Amino acid sequence: QERLVGSEMCIETGAESSAIAVSIHPTPIRWGSNNVNIIFMLAIHPSDQMLFNDIFAFVTQIIANNHYLQTLITASSCQEFIDLLLSYLS
């Protein structure tokens, strides 16, 4: 079965600030040995380490739900993508 998401978690103690980047590909790209449509990249500043578990759990919830993924892939703007993500918070 083809995966719809690839995730990269990057924890760097030298990071100047925490950041989340998302790369969306309507046509899947090769990610390791899988084809993926969405890649989440996380960088967590040491002062934000306590938040990492919550962020990781949320990203894991998103990537485990095909409905969420299909909806995110079709987002037509950055704001729509963010609004969709926020709607998935429970």
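Atom set for the values below is all heavy atoms of this structure, side chains included, hydrogens, waters and symmetry mates excluded. Since the structure is predicted, the reported quantities are computational estimates derived from the model, not experimental observations. We're numbering straight along the sequence, starting at 1.
In this structure, the separation between OG1 on Thr60 and CG on Asn53 is 10.0 Å, given to the nearest 0.5 Å. Within the model, atoms OG1 of Thr74 and CD1 of Ile24 stand 9.0 Å from one another, a figure rounded to the nearest 0.5 Å. Distance check: Leu72 CG to Ile82 CD1 gives 11.5 Å after rounding to the nearest 0.5 Å. Between the CG atom of Leu51 and the CZ atom of Phe56 there is a distance of 15.0 Å, given to the nearest 0.5 Å.
Partners of Asn65 by side-chain hydrogen bond (donor to acceptor under 3.5 Å, both in side chains), not counting sequence neighbours: none found. Ser23 pairs by the side-chain hydrogen bond (donor to acceptor under 3.5 Å, both in side chains) definition with His25, not counting sequence neighbours. For Ser77, the side-chain contact (heavy atoms from CB on, under 4.5 Å) criterion is met by Gln79, Glu80, not counting sequence neighbours.
No path of Ile, Leu, Val, Met, Phe, Trp and Tyr side chains, each step under 4.5 Å between heavy atoms, connects Ile20 with Met50, placing them in separate hydrophobic clusters. Residue Ile62 is grouped with residue Leu89 when hydrophobic side chains (ILVMFWY) are merged at heavy-atom distances under 4.5 angstrom, including chains of intermediate members.
Ring geometry, Phe40 versus Phe81: the interplanar angle falls from 30° to 60°, so the pair is classed tilted.
Closest approach of Phe52 and Ile44 over heavy atoms only: CD1-CG1, 3.5 Å. Contact record, Ile73 with Pro26: CG2-CA, 4.4 Å, taken as the closest heavy-atom pair. Across all non-hydrogen atoms, the minimal contact from Leu69 to Ile38 is O-CD1, 4.0 Å. For the residue pair Leu85 and Phe58, the shortest heavy atom distance occurs at O-CZ, 3.3 Å.
Looking at Ile39 and Ile29, their side chains come closer than 4.5 Å, going by heavy atoms from C-beta outward.
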